[in-house]
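Here is the structure we will look at.
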Amino acid sequence: MSGPLEGRRVVLGVTGGIAAYKAIDVCRRLVDAGAHVVPIMTEAAQHFVGTTTLGALASEPVQTELWRNPTTPIPHTVVGQGADLILVAPATAKLLSAYRTGFSHDLLTNTLLATRAPVVVCPAMHTEMWEHPSVVDNVAVLRERGVHVVDPESGRLAGGDVGAGRLADPSVIVAEVERVLGPGDLDGTTVVVTAGGTREPIDAVRVIANRSSGKQGYAVAAEAAARGAHVVLVSTVELAAPVGVEVVAVETAEEMRDAVTQRRATSDVVVMAAAVADFRPVAAAGGKIKKDDGVPEIVLEATPDILRGLGEDKPDGQVLVGFAAETDDLRANALAKLTRKNLDLIVANDVGAPHVGFSHDTNAVTLLRPDADPVEIDLASKREIARAVINTIVEIRAASRTGEL
Ligand code: PMT
């Protein structure tokens, strides 16, 4: 029986750490599982393992050169464009930093930039390096962008010290590659996600805005894409687009409503993580309002309630998800929104609590559904919150297919 790796083109990037010797085992396992393995070694990796060893086990000779590469005249793009997946094992602190910033100085870093395929990185380094704030930050950013990170294990490191930083076991690495290349639980679905705060113009230079950074919405988009969905991210902010996600830029509540409603009929899931302004100036001044003309009187009107509109006319089987940003009576207020907007799920965050909600990298939420017990998710990264939200959406879709709802 063929597995998820059969015939798939996996680029195996090996960087310069003592764990490079384990890449040989990873390579052998990938080939045994049916993958076509294209090996790339950085210059530093070759200090630890010879190209002859890796090349003998891989499906092709090892590539090391950006210049004078005998296999193709344009190696910096061709390898990444043809890949079904790129795996970097081991990934050094230097590789993580270069990948995060887009610093493409060799064949592997160019390949990482020139691909739309999923990427799995397996960091390995000494504990002090793994726990350094710059490495922690680089890993968090890569995760937010949808890169799959296989955390290192704790154990004996080169030099004899013991701690976190040892490359994950080759079986764990290959299992992650199989999971990523296997059928996702949102395969074949279209998911629309909104992110960021809307900006409602007062005049040519001033807006009514809010503190939403878009991080939570981007994390939901990245997670849904990683699970196989075609994701359209309707966004007011300019964060790095998660791998494979289509971004539609908007600014106001009205533009967001138009972008979402245009896609409503073809969407299986809509997740409104954006902080949409409830009020906007009735009319924006054409030019800049002059300070010398005195304090202006700005008359406000309600913006369209996008979610409520979607809930009033929901196609069969569509899952509609809202977020509720509350500062008091979290559950009661969120439940009222769940009912009023005819939602399948509302993700309530107490935005007055420390490290929760607007702009933070972390969040803590309660998942509320019309027909199930509330589920609390304690303080966690926004990606982990996104994972819990997507898990619940998958559950709701499965239950509705078997008629349990
Ligand atoms: O972006 P971050 O910095 O990562 O912060 C994340 C977040 C705090 C913005 C996010 O977790 C969140 O709570 N988003 C919803 C904020 C909000 O607008 O909540 P609300 O209670 O006002 O609205 C309830 C729901 O109705 C939301 O899904 C909102 O998108 C939607 N809505 C609101 C008003 C409106 N006119 N139309 C809408 O569709």
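Computed from heavy atoms alone, side chains included, the values below leave out hydrogens, waters and symmetry copies. Whatever order the structure lists them in is the order used to number ligands and atoms, beginning at 1.
The ligand atoms of ligand 1 that sit less than 4.0 angstrom from a heavy atom of Gly214 are 1 (O), 2 (P), 3 (O). Less than 4.0 angstrom separates some heavy atom of Gly357 from each of these atoms of ligand 1: 5 (O), 8 (C). When each atom of ligand 1 is checked for a heavy atom of Gly322 under 4.0 Å away, the hits are 28 (O). Short contacts between ligand 1 and Asn363, defined as distances under 4.0 Å to a heavy atom of the residue, involve ligand atoms 11 (O). Proximity to Lys215 (heavy-atom distance under 4.0 Å) selects the following atoms of ligand 1: 1 (O), 2 (P), 4 (O). The distance from ligand 1 to the heavy atoms of Thr303 drops below 4.0 Å at these ligand atoms: 36 (N). Residue Ser212 approaches ligand 1 through these ligand atoms, each under 4.0 Å from one of its heavy atoms: 1 (O), 2 (P), 3 (O), 9 (C).
If you check each of Lys337, Arg280, Glu326 against atom 21 (O) of ligand 1, the one with the closest non-hydrogen atom is Lys337. Among Ser359, Ala273, Ser213, Ala274, the residue whose heavy atom lies closest to atom 30 (O) of ligand 1 is Ala274. Nearest to atom 4 (O) of ligand 1 by heavy atom, out of His360, Arg211, Lys382, Arg257, is Lys382.
Within the 4.0 Å heavy-atom criterion, neither part of Ala253 lies near ligand 1. Looking at Ala277 against ligand 1, only its backbone comes within 4.0 Å, counting heavy atoms. Residue contacts with ligand 1, taken as heavy atom pairs separated by less than 4.0 Å, involve Asp278 solely via side-chain atoms from C-beta onward. Contacts between Val276 and ligand 1 below 4.0 angstrom, taking non-hydrogen atoms only, involve backbone and side chain alike. Using a 4.0 Å cut-off between heavy atoms, Val347 makes no contact with ligand 1 at all.
Taking the side chain as every heavy atom from C-beta outward, Asn349 and Glu326 never approach each other to under 4.5 Å. Within the 4.5 Å cutoff, no side-chain heavy atoms of Val14 are placed close to those of Ile40. For the pair Leu310 and Lys341, the minimum side-chain heavy-atom distance is 4.5 Å or more. Contact check for Glu255 versus Thr236: no side-chain heavy atoms found under the 4.5 Å cut-off. Residues Ile173 and Leu167 meet the side-chain proximity criterion, which asks for heavy atoms closer than 4.5 Å.
For the atom pair CD (Glu43) and CG (Leu66), the distance works out to 12.5 Å, reported to the nearest 0.5 Å. Here the OG1 atom belonging to Thr362 is positioned 9.0 Å from the NZ atom belonging to Lys215, to the nearest 0.5 angstrom. Distance check, rounded to the nearest 0.5 Å: CG of Leu113 to OH of Tyr99 gives 7.5 Å.
Between Met272 and ligand 1, a contact under 3.5 Å exists for at least one N or O pair. For ligand 1, the polar-atom distance check finds an N/O of Phe323 within less than 3.5 Å of one of the ligand's N/O atoms. For a threshold of 3.5 Å applied to N or O pairs, the pair formed by Gly196 and ligand 1 contains no separation below that value. Residue Ala275 has no nitrogen or oxygen atom sitting less than 3.5 Å from a nitrogen or oxygen atom of ligand 1, judged on distance alone.
Nearest non-hydrogen protein atom to atom 26 (O) of ligand 1 is Lys341 NZ, 2.9 Å. For atom 37 (N) of ligand 1, the closest non-hydrogen atom of the protein is Ile306 N, 3.1 Å. Of the protein's heavy atoms, Pro304 O, 2.9 Å lies nearest to atom 36 (N) of ligand 1. Nearest protein neighbour of atom 39 (O) of ligand 1, counting heavy atoms only, is Leu307 N, 2.9 Å. Scanning all protein heavy atoms for the shortest distance to atom 6 (C) of ligand 1 gives Gln216 CB, 3.7 Å. Among all non-hydrogen protein atoms, the one lying nearest atom 19 (O) of ligand 1 is Ala325 N, 3.4 Å. Ranking protein heavy atoms by distance to atom 8 (C) of ligand 1, first place goes to Phe358 N, 3.7 Å. Of all protein heavy atoms, the one lying nearest to atom 11 (O) of ligand 1 is Asn349 OD1, 2.6 Å.
A side-chain donor from one of Asp169 and Ser171 sits under 3.5 Å from a side-chain acceptor of the other. For Arg143 and Asn138, the side-chain atoms include no donor-acceptor pair closer than 3.5 Å. If you check the side chains of Gln216 and Asn363, you find a donor sitting under 3.5 Å from an acceptor.
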Candidate pair His148 and Val121, rule side chain to side chain contact (heavy atoms under 4.5 Å, CB included), full reasoning: CA-CA 6 Å; His148 305 269; Val121 295; over 6 Å; no

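The shortest separation from a heavy atom of Ile346 to ligand 1 is not under 4.0 Å, leaving the residue out of contact. Distances shorter than 4.0 angstrom do not occur between any heavy atom of Ala195 and any atom of ligand 1.
The local environment of CD in Glu153 is crowded, with over 12 non-hydrogen atoms from other residues, nucleotides or ligands closer than 6.0 Å. At most 12 heavy atoms of other shown residues, nucleotides or ligands fall within 6.0 angstrom of atom OH in Tyr21.
Listed here is the closest heavy atom pair of Leu368 and Leu338: O-CD1, 3.7 Å.
Note on Arg369 versus Glu395: salt bridge recorded, some NZ/NE/NH1/NH2 to OD/OE distance being below 4.0 Å. At a threshold of 4.0 Å, the pair Asp137-Arg100 counts as salt-bridged, since one of the basic side-chain nitrogens sits closer than that to a carboxylate oxygen.
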